[in-house]
2 protein chains.
Amino acid sequence: MPYDPSAFPPFAVTVDLVVLTVRRHDLCALAVRRGEQPFQGRWALPGGFVRPDEDLAQAAARELAEETGLRAHDPAAPAQDNGAHLEQLATYGDPKRDPRMRVVSVAHLALAPDLPAPRAGGDANIARWAPVEELLQQGGYARDGEPVAPLAFDHAQILSDGVERARSKIEYSSLATAFCPPEFTVGELRRVYEAVWGVALDPRNFHRKVTGTPGFLVPTGGTTTRQGGRPAQLFRAGGATLLNPPMLRPEV
Amino acid sequence: MPYDPSAFPPFAVTVDLVVLTVRRHDLCALAVRRGEQPFQGRWALPGGFVRPDEDLAQAAARELAEETGLRAHDPAAPAQDNGAHLEQLATYGDPKRDPRMRVVSVAHLALAPDLPAPRAGGDANIARWAPVEELLQQGGYARDGEPVAPLAFDHAQILSDGVERARSKIEYSSLATAFCPPEFTVGELRRVYEAVWGVALDPRNFHRKVTGTPGFLVPTGGTTTRQGGRPAQLFRAGGATLLNPPMLRPEV
DNA sequence: GATCCTAGTCGTCTCCCTGACGATAAACAC
DNA sequence: GTGTTTATCGTCAGGGAGACGACTAGGATC
């Protein structure tokens, strides 16, 4: 198949975002309500077209900023600078995934600390944080009694893949700190693991593990009592990105 | 940014393949020599345009078959059926990655057992297996004294990412068996790990580990002496895809 | 055929990590 | 003060992994 510059099939390329955060004790994702056909009125992941002059990562960072106001965390940047973690997730290109035209979507995964209610996106869509469990269930009713419709397009698959990526990545990397504010306690970090994995962890063993892993946590000297109970030490994320040995997700 | 069907920027979408195999004691990748500009005469990864009616995975499987004659292994298929393992790797979309036009390439990773010399691809390019170490080195000379030019486009980055994916994935999955023929010995499997990781492993501990991991290996009853020395038991890949506990890559 | 060489397989010992869980500490609400 | 909550330290037993000795069973060599 010799190259013919006039003969390649044109595709639309978009980025879609799986933006995860932990609110109270739930793993939540950012969802926007679609204002147009197809899937009008249904919830979807935020996203948009890649512009002709921008890289995929730039496009994802731009969409993230438009939807949440978060600056993306440069992967090469040191430690926590209050930006969100952003990484490429996977690419979805089924010919029928968008009924209008051939769209290839490069999904990205963003992890952010708990944020105030999302601001309206560039296209003024309604946006909200919803527990991923609720977004992924097929039909049925949400906690508040609202009937639940599946996510638009193949976004349930994308969200599911993003959640699974997050679940496995906090095992062997320090990424769980991306869900925490700049300073956090061991207990807060433990609640992140518990929310993402959906399990209960032993506070004593967890404390021993994370404080004993070199480079994971750096004590700031301060303490806080915002969780109630005995004051807890505050930590910042250490320089380590890969945890060795990893955190172990309890058996099923 | 309201949707305007006539106003999305058109992209070309391709699949590129990182096809890895283990030959003798080296991790090798499939490279093709480019017959045209740009990068004429340079080595590159095999790949091609995605057709208007095919999925990304289909396009990758088609390219793989065209270049190697390998059937792609259906991810949902049971165990080893002599097809290659194929999975999506990552997507590369820098605006300048191809000087001719805006191309987004969805790279895939394929793992295959040692094969005879590659047959000519659909576009009759020269293809060969080359040690990844040689393909990734910047300048200098290969083992046979040939001067080495860097891979075309951003293919060095793609290959590097693919190799890293393979290195980490054989830790916690049974994917290393994808590099082996349908029946293999523990020693052959160990040589796969040694080649991919570039380390030496203790044969006794390795043997204990892989034969003790449930679902990893199934004895076929046969033995072979093709490696010399005492005859070794033959195994097939077991049903397990995730290894728990994982294989541990020795510290650096 | 005796010897060597090669690769495979089984065991043992020690160290360290982990899970289970007791105990104490330091805040707050009554 | 008493109870409640969360944090933090300690102890102990079990298991996995690295280091390494020992034995096995073929082919190659003399």
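- Judged by closest nucleotide on DNA chain D, A:R190 is the one of A:R190 and B:N205 placed further toward the 5' end.
- Not a single donor-acceptor pair under 3.5 Å links the side chain of A:E63 to the backbone N or O of A:D16.
- Nearest nucleotide to the B:P231 side chain, out of D:dT8, D:dG26, C:dA20: D:dG26.
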Practice item. Kindly determine whether B:Y92 and B:D161 satisfy side-chain hydrogen bond (donor to acceptor under 3.5 Å, both in side chains), including the steps that lead there. Key: CA-CA 11 Å; B:Y92 300 82; B:D161 291 348; 2.5 Å; yes

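- Side-chain proximity of A:P245 to the nucleotides D:dG18, C:dT9, C:dT18 is greatest for C:dT18.
- In terms of phosphate contacts, B:R204 brings no side-chain nitrogen or oxygen within less than 4.0 Å of OP1 or OP2 of C:dA7.
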**Item:** Residues B:W129, B:L30; criterion side chain to side chain contact (heavy atoms under 4.5 Å, CB included); working and verdict
**Value:** CA-CA 5 Å; B:W129 294 105; B:L30 189 62; 3.8 Å; yes

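- Close to C:dA7, at under 4.0 Å from its OP1 or OP2, lies no side-chain N or O of B:R191.
- Place A:T225 and A:D202 on DNA chain C by their nearest nucleotides, and A:D202 ends up nearer the 5' end.
- Taking 4.0 angstrom as the limit, A:H207 places a side-chain polar atom (N or O) nearer than this to OP1 or OP2 of D:dT8.
- Side-chain atoms of A:R230 and base atoms of D:dA7 include a donor and an acceptor less than 3.5 Å apart.
- A:K209 has a side-chain polar atom (N or O) that falls below the 4.0 Å cut-off from OP1 or OP2 of C:dT18.
- Within the 3.5 Å criterion, the main-chain N or O of B:P246 finds a donor-acceptor partner in the side chain of B:K209.
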